[in-house]
*Asks:* 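Provided herewith is a single structure, encoded as structure tokens, for subsequent inquiry.
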Amino acid sequence: MKTEPITSIDNFWLNLDTPTNLMVITALFEFDKPLDFDRLLATIENRWLVFERFKKRITKSVFGVPQWEIDPEFDIRSHLHRVALPGEGNKEQLQEMLSDLTAMPLDPAKPLWQLHLIENYNGGCVLFWRIHHCIADGISLTHVLLSTADKTSDAPCPKMKVLKDTPWSEMKVLKDAPWTEMKVLKQEEPPKNEKKYRSYFSKISNPLKFKQLRKTAGDIINIGSFLSKQMVSEPKTVFKGKLGVRKCIAWSDPLSLADAKFVGRALGGTLNDVLVSAVTGALRKYLLEKNTIMDNLNIRVSMPVNVRPKGTELALGNQFGLVSLALPVFIENPVLRFKEVKKRNDKIKGSPEASVNFHAIKTVGMAPAKIAKKTADFFADKGSAVFSNVPGPSKPLYFAGQQMKNIMFWVPCTGHMGMGISIISYDGKITLGLASNEKLVSD
């Protein structure tokens with residue numbers, strides 16, 4: 001059977017699964033009306049499974065790199081599950097079910113994804129997606145998931161040509177996809193010297209060429225600056241501690257995107273500054289409720305930053321780096337807090353940190369799984385949460401014949417990190433999601 005090796009960076013994310021933190025990205029599509037199951041099945045087969053990666057499992061050997069191979073026993077019924085909420089089918093019951101599903105490992109003998117159709121929810125239903133991080137990052141999965149959607153309720157379910165696992169560097173946007181208007185996600189572009197950092201980390205992985213690094217002292221300083229940020233220990237708060245298996249999944253009611261943008265313009269900042277500042281204030285309020293001393297307290301979060309070239313959003317795989325941002329939860333005044341958040345965000349924008357981190361992960365991905373886990377634990381111990389902010393489509397979309405009322409996603413956490421914070425915009429609204437470890441934050 002034909003196989004292909006997994007890339008080093010995808011292998012890194014594959015190796016990070018632990019019982020308390022599964023490397024699984026989750027997403028939710030909400031509908032006011034029930035979905036027709038037969039049409040849903042046809043949509044998955046004709047839109048989702050055209051990406052060949054979703055029919056592939058990972059095989060491992062004692063020696064050598066794990067391989068992607070087509071699952072010879074692939075059956076859509078092993079991945080698409082139909083369930084229903086009991087009784088009233090309200091949001092609290094849905095959150096309880098999602099918390100249960102989030103704690104369940106994916107079957108390693110099959111392609112690493114699942115989709116649950118959850119019926120009897122507020123008169124409608126939801127689709128709950130679970131996709132392992134080794135398949136793709138959030139940027140790619142957002143585009144791929146939404147490429148399965150339509151602009152109108154009566155759109156047909158066309159047959160689409162199967163997409164091979166084309167290298168990300170050669171991938172182009174699928175012109176005939178049913179939904180292709182989404183712009184490149186507004187993450188920071190990789191710095192101009194990104195190619196140089198790629199070269200440096202390839203040299204680090206080859207000891208025979210390590211001497212060449214001495215010729216690039218200025219760039220080593222940038223790498224050293226990034227690593228030095230990871231030497232600072234995160235303060236002990238209710239967000240840090242021993243983890244349990246179970247997660248608590250929650251999300252906000254949608255807020256006005258226009259209002260948030262207005263606040264940003266009025267204060268001389270961006271939408272991202274507003275959202276990060278608002279989350280900082282919410283974390284501050286919770287910490288105060290838990291009697292936390294606020295003396296110059298900062299809470300560090302890891303934020304994913306896109307480093308993939310434009311036009312490759314539908315290419316599966318991981319092409320992002322992480323930056324570390326300290327949230328000034330000690331600042332009580334919301335305007336002063338906004339100004340400080342903006343200053344810190346602006347400093348990161350001009351930094352090579354995301355690119356350096358990306359190539360560091362690629363290098364560690366070549367190492368055995370135990371080393372990858374130890375490395376992830378080290379960096380995760382220096383922060384309290386993962387924080388991802390994704391701009392979604394500006395107009396309503398339809399899936400399997402029904403309009404999506406709202407969409408949401410949750411980021412996985414690495415190592416000993418206990419909380420994921422996710423924000424997404426859709427159809428003029430903003431929704432915030434939380435995935436917290438129940439042993440740390442159960443409310």
Side-chain angles (χ1 to χ4, degrees), residues 1-27 37 40-41 43-83 97-118 127-138 140-141 144-145 148 162-166 245-247 315-318 365-373 376 409-415 435:
M1 182 179 296
K2 184 179 179 181
T3 63
E4 64 173 310
I6 191 171
T7 65
S8 63
I9 193 163
D10 294 341
N11 190 46
F12 175 83
W13 296 108
L14 173 67
N15 288 332
L16 293 196
D17 270 328
T18 65
T20 55
N21 267 333
L22 300 174
M23 284 295 100
V24 178
I25 299 171
T26 55
F37 188 76
L40 170 62
L41 184 61
T43 300
I44 298 303
E45 289 181 335
N46 297 331
R47 297 269 180 83
W48 180 251
L49 295 181
V50 299
F51 294 89
E52 201 173 54
R53 178 68 59 84
F54 297 116
K55 292 183 179 180
K56 291 185 175 182
R57 64 185 182 183
I58 291 178
T59 59
K60 296 183 179 181
S61 60
V62 178
F63 303 102
V65 178
Q67 303 283 314
W68 291 106
E69 70 171 15
I70 295 291
D71 181 2
E73 308 298 331
F74 180 82
D75 189 332
I76 185 63
R77 292 171 296 181
S78 298
H79 300 270
L80 175 56
H81 307 281
R82 189 178 188 180
V83 296
M97 179 176 284
L98 299 190
S99 297
D100 289 341
L101 293 173
T102 300
M104 296 173 58
L106 296 170
D107 185 350
K110 297 182 176 68
L112 296 173
W113 65 274
Q114 280 186 341
L115 173 60
H116 284 80
L117 169 61
I118 305 175
L127 288 175
F128 185 59
W129 305 79
R130 302 182 66 225
I131 307 152
H132 199 282
H133 213 319
C134 71
I135 293 178
D137 56 39
S140 175
L141 287 176
V144 170
L145 278 171
T148 63
V162 172
L163 298 180
K164 304 294 184 180
D165 288 341
T166 309
V245 171
R246 186 173 172 79
K247 298 288 191 297
L316 296 173
N318 288 275
M366 302 175 190
K370 287 185 178 180
I371 295 179
K373 280 189 170 69
F409 78 103
W410 293 268
V411 292
C413 295
T414 59

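These figures come from a predicted structure and were not determined experimentally.
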*Asks:* Does P108 have any side chain to side chain contact (heavy atoms under 4.5 Å, CB included) partners at least two apart in sequence or in another chain, and if so, which?
*Replies:* none
*Asks:* Listing request: all salt bridge (charged side-chain N to carboxylate O under 4.0 Å, His left out) pairs with a residue in residues 15-24, at least two apart in sequence or in separate chains.
*Replies:* none
*Asks:* Taking only residues two or more places apart in sequence or in another chain, which ones pass side chain to side chain donor-acceptor pair (under 3.5 Å) with N15?
*Replies:* none
*Asks:* Any salt bridge (charged side-chain N to carboxylate O under 4.0 Å, His left out) pairs touching residues 105-118, not counting sequence neighbours?
*Replies:* D107-K110
*Asks:* Would you check if T26 and I131 make a side-chain contact, meaning some heavy-atom pair closer than 4.5 Å?
*Replies:* no
*Asks:* Go through the structure and list residues passing side chain to side chain donor-acceptor pair (under 3.5 Å) with S8, not counting sequence neighbours.
*Replies:* none
*Asks:* I want to check something: taking the side chain as every heavy atom from C-beta on, are W410 and T102 in contact at a cut-off of under 4.5 Å?
*Replies:* no
*Asks:* I'd like to know if E69 pairs up with K56 as an ion pair, taking the criterion as any Lys NZ or Arg NE/NH1/NH2 lying under 4.0 Å from an Asp or Glu carboxylate oxygen.
*Replies:* no
*Asks:* Could you tell me which residues satisfy side chain to side chain contact (heavy atoms under 4.5 Å, CB included) with A27, sequence neighbours excluded, listed by chain and number?
*Replies:* W129, L145, F409
*Asks:* Sequence neighbours left out, what passes salt bridge (Lys or Arg N to Asp or Glu O under 4.0 Å) with R246? Give chain and number order.
*Replies:* E96, D100, E438
*Asks:* Looking at N11, D10, T7, which hits side-chain hydrogen bond (donor to acceptor under 3.5 Å, both in side chains) with N318?
*Replies:* D10
*Asks:* Does a side-chain heavy-atom distance below 4.5 Å link T43 with W48?
*Replies:* no
*Asks:* So, do H79 and F74 have ring centers that fall under 6.0 Å from each other?
*Replies:* yes
*Asks:* Strictly distance-based, threshold 3.5 Å: is any side-chain N or O of E73 a donor or acceptor partner for the main-chain N or O of D71?
*Replies:* no
*Asks:* Using the ring centroid of each side chain, check whether W113 and H132 are separated by less than 6.0 Å.
*Replies:* no
*Asks:* Check the pair D75 / S78 against side-chain hydrogen bond (donor to acceptor under 3.5 Å, both in side chains), numbers first and verdict last.
*Replies:* CA-CA 6 Å; D75 189 332; S78 298; 5.2 Å; no
*Asks:* My understanding is that only residues two or more places apart in sequence, or in another chain, count here; which of them pass ring-ring contact (aromatic ring centres under 6.0 Å, His included) with F37?
*Replies:* none
*Asks:* Apply ring-ring contact (aromatic ring centres under 6.0 Å, His included) to H116 and list each qualifying residue two or more places apart in sequence or on a separate chain.
*Replies:* H81
*Asks:* Looking at residues at least two apart in the chain, or sitting in another chain, which of them share a ring-ring contact (aromatic ring centres under 6.0 Å, His included) with H133?
*Replies:* W13, F320
